[in-house]
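Structure, as structure tokens:
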Number of protein chains: 2
Amino acid sequence: MSDRRRSPCPIACTLDIIGDKWTLLVIRDMVLGRSHYKEFLESPEGIATNILADRLVKLVDAGLVEKYPSTLVPGRDAYRLTKKGETLRPILKSIVRWGLENLDGTSIGLSPR
Amino acid sequence: MSDRRRSPCPIACTLDIIGDKWTLLVIRDMVLGRSHYKEFLESPEGIATNILADRLVKLVDAGLVEKYPSTLVPGRDAYRLTKKGETLRPILKSIVRWGLENLDGTSIGLSPR
DNA sequence: ACACGCGACTTGCATTATGCAAGTGTCACA
DNA sequence: TGTGACACTTGCATAATGCAAGTCGCGTGT
């Protein structure tokens, strides 16, 4: 089903999970407290619906995210980071820091949500 | 020439530079002291020649890597991280750490180079 | 002078991933 | 029973990857 890993390098293996332009943005959204499919779609980057669905499945498969019945919206599912998923925070943090320090015009969204 | 950014988010902008399965591996190689095109090709993940050439150009364009005449091999060019490129180390470090702690079978290569 | 080999790419083409728009199935509520 | 929002799927066009083979410049040996 799934591929064999490219090498035993922790960087290579980690990139096979989060090494693309969208996965970490979905995780960022969860860190920021979003949990519904629709909320992820509303993020300013504009992820496509098929890509989002694909990433959610892969993240659940990887054990980083779990689906659970939303308590706020009855009969609706939602997503949240698992304990393992939470351990990605340091990576996210180092990336945020680097972006803020090295890329002009970036800022933490005091997003109007 | 280049696209407008997807959002002002530092994560999104950073991913537009290093958010793929190969870029950080090339940077890893440079951190490990490799500097020649051929050395990058010899890494165990097996990057394709066209992808490597493409990434080197993009990294130079982004100011993270610079080309310089090799002092070891006369008449040959080599690549190394710029000062800005060096600032990626914390990101790399957080990824290595995460991989080692969360992915079975990963290890720092005491590579036979 | 000239063939040779090597390193560093470039090119062609098949496969896969992404982006976009539109369609489908489910469920709570009217 | 109807309606709409929501959460996906599906189709298809475009871009990125992967792989193999070809090109080009340079240094060496003869």
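Predicted model only: the values in this text are computed from it and were never measured. Below, each value reflects all heavy atoms present in this structure, side chains not excepted, and no hydrogens, waters or symmetry copies. To find a chain, count down the sequence lines: A is the first, B the second, and so on, and within it residues start at 1.
- When all heavy atoms are compared, the tightest approach of K84(B) to W98(A) is O-NE1, 4.2 Å.
- Considering only side-chain N and O atoms, Y79(B) lies under 4.0 angstrom from the phosphate OP1 or OP2 of dC9(C).
- Atom CH2 of W22(A) is separated from atom C1' of dT18(C) by 10 Å (rounded to the nearest Å).
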Short N/O separations, protein against nucleotides 13-17 of chain C, under 3.5 angstrom:
none

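- Between K21(B) and R6(A) there is a side-chain heavy-atom pair separated by less than 4.5 Å.
- With contacts defined as side-chain heavy-atom distances shorter than 4.5 Å, the pair R34(B)/E42(B) does not qualify.
- Of the possible donor and acceptor atoms, none in the side chain of S7(B) sits under 3.5 Å from a partner among the backbone N and O of P44(A).
- Rounded to whole Å, the distance from CZ on R76(B) to P on dC6(C) is 12 Å.
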Pairs: protein N or O with nucleotides 28-30 of chain C N or O, under 3.5 Å:
none

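- Between the side chain of T82(B) and the main chain of G63(B), a donor-acceptor pair closer than 3.5 Å is present.
- Summarising the geometry, the separation between CG on D77(A) and P on dC27(C) is reported as 10 Å, rounded to the nearest angstrom.
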Subject >> From CA spacing to verdict: side-chain contact (heavy atoms from CB on, under 4.5 Å), R28(B), L25(B) >> reply: CA-CA 5 Å; R28(B) 170 204 64 184; L25(B) 293 181; 3.7 Å; yes
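- Between I51(A) and K38(B), the residue whose closest nucleotide on DNA chain C is further toward the 5' end is K38(B).
- A donor-acceptor pair is defined here as one N or O able to donate and one able to accept, closer than 3.5 Å; such a pair exists between the side chain of Y37(B) and the backbone of T49(B).
- Scanning DNA chain D 5' to 3' for nucleotides with an atom closer than 4.0 angstrom to a non-hydrogen atom of chain B gives a first and last hit of dT17(D) to dA21(D).
- Closest of all the heavy-atom pairs between P8(A) and C13(A) is C-SG, 4.4 Å.
- Going from atom CD of E45(A) over to atom C1' of dT18(C) covers 16 Å, rounded to whole Å.
- Between the side chain of S94(A) and the main chain of S94(B), no donor-acceptor pair closer than 3.5 Å is present.
- Residue L88(A) holds its CG atom at 10.5 Å from OG1 of T23(A), rounded to the nearest 0.5 Å.
- Atom CG in L59(A) sits 9.0 Å away from atom CD1 in I17(A) (nearest 0.5 Å).
- The nearest whole Å value for the distance from the CD atom in E39(B) to the C1' atom in dG7(C) is 12 Å.
- Along DNA chain C, the nucleotide nearest K67(B) and the nucleotide nearest I47(A) are compared for position; the residue whose nucleotide lies closer to the 5' end is K67(B).
- In this structure, H36(B) atom NE2 and dA8(C) atom P are separated by 7 Å, rounded to whole Å.
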